[in-house]
Amino acid sequence: MAKVKVEQLFYYPVKSLRGVSLTSMTLDDFGPAGDRRWMLVDPEGCFVTQREQPRLALIQADLHDGRLVLTLPGEADPVAVEPSDTEQRVRVWRDWVKARFAAGDASERLSRWLDTPVSLVYMPDSSLRPVDHNYSLAERRVSFADGFPFLVTHTASLQALSARAGQDFDMRRFRPNIVVSGGDAFAEDQWRALTIDGLRLDLVKPCSRCVMTTVDPDKGEKAADLQPLRELGRFRRTPDGVMFGVNGIHSGTGGIRVGDWFDVELKEEH
């Protein structure tokens with residue numbers, strides 16, 4: 001059986017803000033513990049991301065003892081955040097879910113920094129946003145992530161993309177949770193599942209990529225040449241979009257560490 005090695009792990013305390021690199025990842029019912037339980041919304045309750053606000057990549061978000069801490073570039077004092085009891089329905093893609101506003105002045109400070117009105121909201125345990133039943137028969141939930149608990153990317157695929165484009169791209173542009181190595185570029189197209197010690201990741205669909213991949217994670221700016229999305233579009237375009245990485249749904253128990261080896265289950269040939 002083929003194996004792949006875990007090279008990097010990431011989670012994102014706030015959707016579309018800077019990610020956090022981990023050496024080990026704890027899982028919960030949502031996926032990576034603490035992943036995208038917070039999100040920014042506009043005055044209509046619609047999610048705000050780097051697609052419209054690439055500078056969000058510059059805001060550092062961390063979780064300390066269950067409390068969210070934001071570090072805004074150019075501001076000396078971090079923002080410590082907890083959810084309030086005030087609820088509102090908010091939208092992420094086509095889903096409307098109940099969320100709680102952040103207590104205190106976090107939303108006001110973020111609005112000033114972005115120069116546009118936003119509110120910071122939290123998804124409590126009581127708010128159920130189901131995974132698309134077209135990809136999971138089980139009643140599985142997802143946080144404010146785009147659609148699935150996990151995104152897995154492959155180092156060989158990034159190397160192949162970089163070689164084609166003639167420039168090196170940082171994997172952080174693709175905002176994965178798990179980065180693995182082993183095997184040929186885009187071998188993940190044929191992976192059905194990754195398993196390790198009672199934990200299973202069913203890889204249910206390829207991930208369609210958008211303009212967020214053009215945002216430099218260290219500058220918070222979109223690339224004028226639209227790379228790497230432009231090059232991806234030349235050889236990874238499908239009827240469902242331009243693909244890079246695979247979305248996963250977990251079952252079983254356990255954690256994941258950098259250096260772990262997953263067993264790879266391949267799709268059945270037809």
With a 4.0 Å cut-off on N to O distance, would you call Asp260 and Lys5 a salt bridge?
no
Just checking Asn134: does its CG atom have more than 12 heavy atoms from other residues, nucleotides or ligands closer to it than 6.0 angstrom?
yes
Quick one, Trp191 with Lys267, criterion side chain to side chain contact (heavy atoms under 4.5 Å, CB included). Give me CA distance, side-chain angles, the key distance, then yes/no.
CA-CA 6 Å; Trp191 298 346; Lys267 296 178 181 177; over 6 Å; no
Check step by step if side chain to side chain contact (heavy atoms under 4.5 Å, CB included) holds for Asp35 and Phe10.
CA-CA 9 Å; Asp35 187 66; Phe10 296 93; over 6 Å; no
Taken to the nearest 0.5 Å, the spacing of Leu114 CG from Ile59 CD1 works out to 5.5 Å
Do the charged groups of Arg236 and Asp189 touch, with an N to O distance under 4.0 Å?
yes
Stacked cation flag Arg100 on Trp38, 6.0 angstrom / 45 deg:
no
Test salt bridge (Lys or Arg N to Asp or Glu O under 4.0 Å) on Lys205 and Asp132; report intermediate values, then the result.
CA-CA 11 Å; Lys205 69 177 291 292; Asp132 189 334; over 6 Å; no
By side chain to side chain donor-acceptor pair (under 3.5 Å) - contacts of Asp216 (at least two apart):
none
Does this structure show an ion pair linking Glu265 with Arg200, if we count only N-O contacts that are shorter than 4.0 Å?
yes
If you count heavy atoms of other groups shown closer than 6.0 angstrom to CG of Asp170, is the number above 12?
yes
Within a radius of less than 6.0 Å around CG of Asp197, do more than 12 heavy atoms belonging to other residues, nucleotides or ligands occur?
no
Heavy-atom closest pair, residues Met25 and Asn177
CE-O, 3.6 Å
Decide side chain to side chain contact (heavy atoms under 4.5 Å, CB included) for Met243 and Arg209; before the verdict, give the C-alpha distance in whole Å, the side-chain angles of both, and the deciding distance to 0.1 Å.
CA-CA 6 Å; Met243 303 301 182; Arg209 311 316 305 224; over 6 Å; no
Asp146 with Lys15: basic N within carboxylate O range, under 4.0 Å
yes
Should Glu221 and Arg55 count as an ion pair when the cut-off is N to O under 4.0 Å?
no
Just verifying a value: how many Å separate Leu58 CG and Leu17 CG, rounded to the nearest 0.5 Å?
9.5 Å
With side chain to side chain contact (heavy atoms under 4.5 Å, CB included) as the test, would you mind laying out the steps for Arg175 and Met212 before giving the verdict?
CA-CA 9 Å; Arg175 300 182 67 81; Met212 273 184 60; 3.3 Å; yes
Please determine, by modelled atom types, if Glu7 and Ser181 share a side-chain donor-acceptor pair under 3.5 angstrom.
yes
For Asp168, I'd like to know if atom CG has over 12 heavy atoms of other residues, nucleotides or ligands within 6.0 Å.
no
With a 6.0 Å cut-off on the ring centroids, do Phe144 and Phe47 count as close?
no
Just how far is it from atom CD of Glu139 to atom NE2 of His133, taken to the nearest 0.5 Å?
4.0 Å
Has Arg18 got its NZ or CZ under 6.0 Å from the middle of the six-membered ring of Tyr12, at an angle within 45 degrees of the ring axis?
no
Would Asp125 and Arg37 count as a salt bridge (Lys or Arg N to Asp or Glu O under 4.0 Å) here? Give the steps.
CA-CA 9 Å; Asp125 290 347; Arg37 297 289 295 275; 2.7 Å; yes
Count the heavy atoms belonging to other residues, nucleotides or ligands that lie under 6.0 Å from NZ of Lys219, then report whether that count exceeds 12.
no
Atom CZ of Arg234: over 12 foreign heavy atoms under 6.0 Å
yes
Of all the heavy-atom pairs spanning Asp62 and Gln60, show the shortest one and how long it is.
OD2-CG, 3.3 Å
Looking only at heavy atoms, which two atoms of Leu68 and Pro13 are closest? And how far apart?
CD1-CB, 4.0 Å
Does the ring centre of Phe186 sit less than 6.0 Å away from the ring centre of His154?
no
Is the NZ or CZ atom of Arg36 both under 6.0 Å from the centre of the six-membered ring of Tyr11 and within 45° of that ring's axis?
no
